[in-house]
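Below: the structure, in structure tokens.
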Amino acid sequence: MTGNPRYNGAETFEEWQKQWQLEDRYNFRTIEQKWQKIWEDEKIYHVDIDNNKEKFYALVEFPYPSGAGLHVGHPRSYTALDVIARKKRMQGYNVLYPMGFDAFGLPAENYAIKTGIHPAVSTQANIKNFTRQLKSIGFSFDWDRCIDTSSPEYYKWTQWMFIQLFKHGMAYKDKMAINWCPSCKVGLANEEVVNGHCERCGAEVVRRDKEQWMIAITKYADRLIDDLKDVDFVDRVKAQQINWIGRSEGAELDFEFGQDKLTVFTTRPDTAFGVTYMVLAPEHEFVAKYMDKFENPEEIKKYVNATAKKSDLQRTADDSKTGVELKGIKARNPYNGKMIPVFISDYVLMGYGTGAIMAVPAHDQRDYDFAKAFNLPIIQVLDGGNIEEKAFEEDGPHINSDFLNGLNKEDGMRQAIDYAVKNGFGRPKINFKLRDWVFSRQRYWGEPIPMVYCEHCGWQPLDEKDLPLTLPEISDYLPNDNGDSPLAKATDWVNTTCPKCGKPARRETDVMPNWAGSSWYFLRYCDPHNDKEFASKEALKYWMNVDWYNGGMEHTTLHLLYSRFWHKFLYDCGYVPTKEPYNKRTSHGMILAENGEKMSKSRGNVINPDDIVNNYGADTFRLYEMFIGPFDQTAMWSEESLMGVYRFVGKIYNLFKKVYKIEPSETDLRAMHKCILEVTERIDQMKFNTAVSSLMTYVNYLSGLEKIPAELYETLLKLLCPFTPHLAEEMWTRLGHTASVVVEPWPEGNPKMAQDNVVTLAVQICGKMRGTIELPKDSSEDVVKAAALKLENVARQTAGKEIKKIIIVPNRIVNIVAA
RNA sequence: GCGGACGUGGCGGAACUGGCAGACGCGCCAGACUUAGGAUCUGGUAUCGCAAGAUGUAUGGGUUCAAGUCCCUUCGUCCGCACCA
């Protein structure tokens, strides 16, 4: 620092005053643009591997570059981790904070169908717009590492990874029922189905069987649950993933049915003596197999057809129980030899367990409802509840259950399974709700699946040296009537030769879902320009894991689960050094419009970040996003609150005029250290709103001073730097500094310096506040007692009463118990 | 039904291991000042009461010298999953 910082190069006070009075109001537009250019020119946020420094990898979910541009929700997450990244940088870490674009997706393709503009063209334009917007907010991204999942240099590796999945038996082709829009004549991704309706045309979605590429994520179900214990994810994320994977322990039991064994999965084998009927899913193979043995085939066929026509929505919306008995064949309960009727009903799903259940109406509400509807017997096998009214699903001693009688649920289960195992009709079994991942999309704008079908060799992967398999240019993006991908029409591209035998063969024409590219993008950031590997071992070893990943709750059971799985697969293959990709996962709340509604184009209540940056500046925008409310909770946008933050920013600018190079007082230092400690701690805890209020309290203190010691103001700027980097840089240089405040060391707070040497104790009588006393810190109990009793109010309140007890909490409270 | 979060002034929200409820901001009220600006500055602002004081953290109860915080009850809101056997 040179000279009196207050004069900032000016010879006299008058000269200095004139200099700054020209722009008495904070001119955020020129100042913010100036610093953004300097940061970019000097590549101040660029990072490389530096083995002398501890790394810190901060990650936010990269956006899909939509035509609408940035939403105010995006910067909530980006600013939060920018604050964390900037603070870590000032604390001496080598910080990787990257940004990129998840650029494959349906909107670009739909736009192409409407306008004929190639998705690559519109996507690049959108990326350009997003980049401009992100830069205007002053995030400290290392733009040299920016990635685009739709570029061949990137998706080459997505395809390479798919081939690894295939080679390890993790990718397979299977006929699957998919969501089909009969009006658009197109298969839809789950994310395009809104409450059972097509997002584009509103028609109800039906099921249709199609050959699909599947990824065997279920093989990792156990590990995806178990390894959650080793990572620091917020509880609701863990809970939701566990819930979604839906692990349940039970047993498989074989019932005799015709010449076959009818296997069911149950979590309650102990209730086997209460089975009064069985139910198959209408799609169960035995229904067709035994059709000519049934006495009522017409009735059965009618029900099967009716079910097939129903959408998933219709099938689940109505919880009244329907079904048809399979007359002519009964099943035999292996526990007691009883012959029981068998039904088909759509409340049993083919996709879970074995597609068949043993029904215990006394102890399962769904079975109970069905039994009531069909007038079937209900046999109670656990004592308790009132079976006349509803099923009893709790624990109790077993009754009517032969060798299980008297046992509780837990013991009963064990005994029942043991018995089944010993007699060869059952085995313990764990089932999951999680299904394998449907990986095909009948679309154009996605990664081509690098597979070729040969009549002689079956499905063959491309040779890895032939990657990337690039998307061919086409002019017609509409899928055809058969539900084939638009790529099917690019016959020159589709017709190829088998990589194995060289004979004519056909390429896969479906593309990957948009979750593919995002399943490993955090690895690419470590080494984004590598054309030999998806990332070098060295880069992965240095940068991984992601230390802190923030993103939306809506991705918990999609992207977050997919990418954890994908990473584990790569780990098993030896391509990445760690089992889990993310050490810590946090989640931000949504930002709603002022009236509490969701922001949407149709409601016309969307706040455009560009307007906020233009009207109030990036710093105000950033600071407001942090001040808006608890980070993990939903918040409502408020222009008036934004104004408060805007005033605060202006206040800091104005305070500069009162800065002198003088020594701070003890009280000054106390305020300063208190602020340092609070801001530091609260950033780490993501309590950004209270971190900002600490800064406000500190600024209020500075405002009350006639002259502000330079040290206090400099500390303020350092603490502000993560939140309002442009303002901090500007004022920092006006103080005469030549280096950037961004690289200044983060201030150290001293708890001792932050403490008052005089404390105010609350004086209570029987827990009610009656006054306060000011005493030196750590005064002895006798001193505290004496001072408290001396209070006039205390004397009055205790008059005529006996003082029974005096409780003293050091430096906080005195409670006089009197009666 | 299952799982998760939550309920505090006119509003958004603070309150660490139980220890002065309402920090900080908005709004509102009063005043100052002015280059009339999206100004700025100062003071006030939980409720009732002139006051002393009383009452207050969804509800009712409990533990404690002391409860927004811990335990139980009831009510309500939001989010995710949902005929998963």
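Residue numbering restarts at 1 for every chain, and letters A, B, ... go by the order of the sequence lines.
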Is [X] close enough to [N] that one of its side-chain N or O atoms is under 4.0 Å from OP1 or OP2 there?
X: Asn793(A); N: rG53(B); result: yes
X: Ser248(A); N: rA85(B); result: yes
X: Arg770(A); N: rA54(B); result: yes

Treating primed atoms plus P, OP1 and OP2 as sugar-phosphate and everything else as base, which nucleotides of nucleotides 40-49 of chain B get B, S or - for protein heavy atoms under 4.0 Å?
SS--------

Base, sugar-phosphate alone, or nothing: which one does Phe432(A) contact when heavy atoms must sit under 4.0 Å apart?
nothing

Need one value for Asn689(A): base, sugar-phosphate or nothing, where a base atom within 4.0 Å counts as base even if backbone is also close, heavy atoms only.
sugar-phosphate

Suppose we screen for side-chain hydrogen bond (donor to acceptor under 3.5 Å, both in side chains). Which residues come up paired with Lys790(A), at least two apart in sequence or across chains?
none

The side-chain hydrogen bond (donor to acceptor under 3.5 Å, both in side chains) partners of Arg236(A) (sequence neighbours excluded) come to none

Which residues satisfy the ring-ring contact (aromatic ring centres under 6.0 Å, His included) test with Tyr616(A), sequence neighbours excluded?
Tyr646(A)

Position toward the 5' end of RNA chain B (nearest nucleotide), Asn615(A) or Ser694(A)
Ser694(A)

Anything under 3.5 Å between a protein N or O and an N or O of nucleotides 62-66 of chain B, put it in a table, one pair a line.
| unit_1 | atom_1 | unit_2 | atom_2 | d |
| --- | --- | --- | --- | --- |
| rC65(B) | O2' | Asn815(A) | ND2 | 3.1 |
| rC65(B) | O2 | Asn815(A) | ND2 | 2.7 |

Who are the salt bridge (Lys or Arg N to Asp or Glu O under 4.0 Å) partners of Asp611(A), not counting sequence neighbours?
none

N/O-N/O pairs, protein side and nucleotides 9-12 of chain B side, under 3.5 Å:
| unit_1 | atom_1 | unit_2 | atom_2 | d |
| --- | --- | --- | --- | --- |
| rG12(B) | O2' | Ile628(A) | O | 3.3 |

Which atom pairs, one a donor and one an acceptor, fall under 3.5 Å between side chains of residues 624-637 of chain A and the rest of the protein, sequence neighbours left out?
| unit_1 | atom_1 | unit_2 | atom_2 | d |
| --- | --- | --- | --- | --- |
| Tyr624(A) | OH | Ser638(A) | N | 2.9 |
| Tyr624(A) | OH | Ser638(A) | O | 3.4 |
| Glu625(A) | OE1 | Arg76(A) | N | 3.0 |

Extract all donor-acceptor atom pairs below 3.5 Å that involve side chains of residues 280-287 of chain A and protein atoms in other chains or at least two apart in sequence.
| unit_1 | atom_1 | unit_2 | atom_2 | d |
| --- | --- | --- | --- | --- |
| Glu283(A) | OE2 | Arg315(A) | NH1 | 2.8 |
| His284(A) | ND1 | Phe286(A) | N | 3.1 |

Mind listing the N/O atom pairs, protein and nucleotides 2-8 of chain B, below 3.5 Å?
none

So that I can compare with my own list, what are the stems of RNA chain B, taken as at least three consecutive Watson-Crick or G-U pairs with distances under 3.5 Å?
B:1-7 with B:75-81, B:10-12 with B:24-26, B:27-32 with B:40-45, B:46-48 with B:53-55, B:60-62 with B:70-72

For Arg29(A), all residues meeting side chain to side chain contact (heavy atoms under 4.5 Å, CB included), sequence neighbours excluded:
Asn27(A)

Closest to the Asn700(A) side chain, choosing from rA23(B), rC20(B), rG25(B):
rG25(B)

Candidate nucleotides rA54(B), rC20(B), rA85(B), ranked by approach to the side chain of Arg812(A) - the nearest
rC20(B)

